[in-house]
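Worksheet: one structure, shown below.
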Amino acid sequence: VGSEMCIRDRLCTFDLMNPNPLVLVNGRAAPFNTVIREFEQFLHVKLGEPSDIKRRVLDRKRDRSKFVEIMLHTLNEEDNE
């Protein structure tokens with residue numbers, strides 16, 4: 001469980017970086033759900049539903065204000081799409 005949690009945290013962080021360091025063959029930023037599925041297959045772990053991962057990371061990191069600010073902003077943007 002600990003290692004999966006670290007992987008989820010890192011993937012969320014990568015997803016928030018600009019430019020996103022995880023890209024597709026065509027150079028475009030890889031969608032978060034694609035990144036999660038590819039890492040699951042590559043590492044033979046189950047990370048969970050991509051739509052829930054960011055929310056769970058946010059719940060655990062409420063005391064880290066800058067990280068939480070960025071996550072809330074990202075989640076709000078996704079909810080409005």
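Below, all heavy atoms of this structure are taken into account, side chains as well, without hydrogens, waters or symmetry copies.
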Inset, instruction - Take Leu11 and Leu22 through the test side-chain contact (heavy atoms from CB on, under 4.5 Å) and record every step on the way to the result. - result: CA-CA 9 Å; Leu11 295 178; Leu22 303 173; 4.2 Å; yes
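- Nearest heavy atom pair, residue Gly48 against residue Ile36, reads O-CG2, 3.9 Å.
- A single hydrophobic cluster is seen to contain both Phe39 and Met17, as judged by linkage of ILVMFWY side chains at heavy-atom distances under 4.5 Å, directly or through other members.
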Inset, instruction - Determine, step by step, whether Ile7 and Leu43 satisfy the side-chain contact (heavy atoms from CB on, under 4.5 Å) criterion, reporting the C-alpha distance in whole Å, the side-chain angles of both residues, the deciding distance to 0.1 Å, and the verdict. - result: CA-CA 10 Å; Ile7 294 168; Leu43 299 173; 3.7 Å; yes
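- Closest approach of Cys12 and Ile53 over heavy atoms only: SG-CG2, 3.8 Å.
- Shown are Asp52, Thr13, Asp9; of these, the side chain to side chain contact (heavy atoms under 4.5 Å, CB included) with Val57 is made only by Asp9.
- Residues Leu24 and Pro31 are in side-chain contact: their nearest non-hydrogen atoms beyond the backbone lie under 4.5 Å apart.
- Residues satisfying the side chain to side chain donor-acceptor pair (under 3.5 Å) test with Glu38, not counting sequence neighbours, are none.
- Here the shortest heavy-atom pairing between Leu47 and Arg56 reads O-NH2, 3.3 Å.
- For the pair Phe14/Val35, no side-chain contact is recorded, criterion being any heavy-atom separation below 4.5 Å from C-beta on.
- Residues satisfying the salt bridge (Lys or Arg N to Asp or Glu O under 4.0 Å) test with Arg37, not counting sequence neighbours, are Glu40, Glu49.
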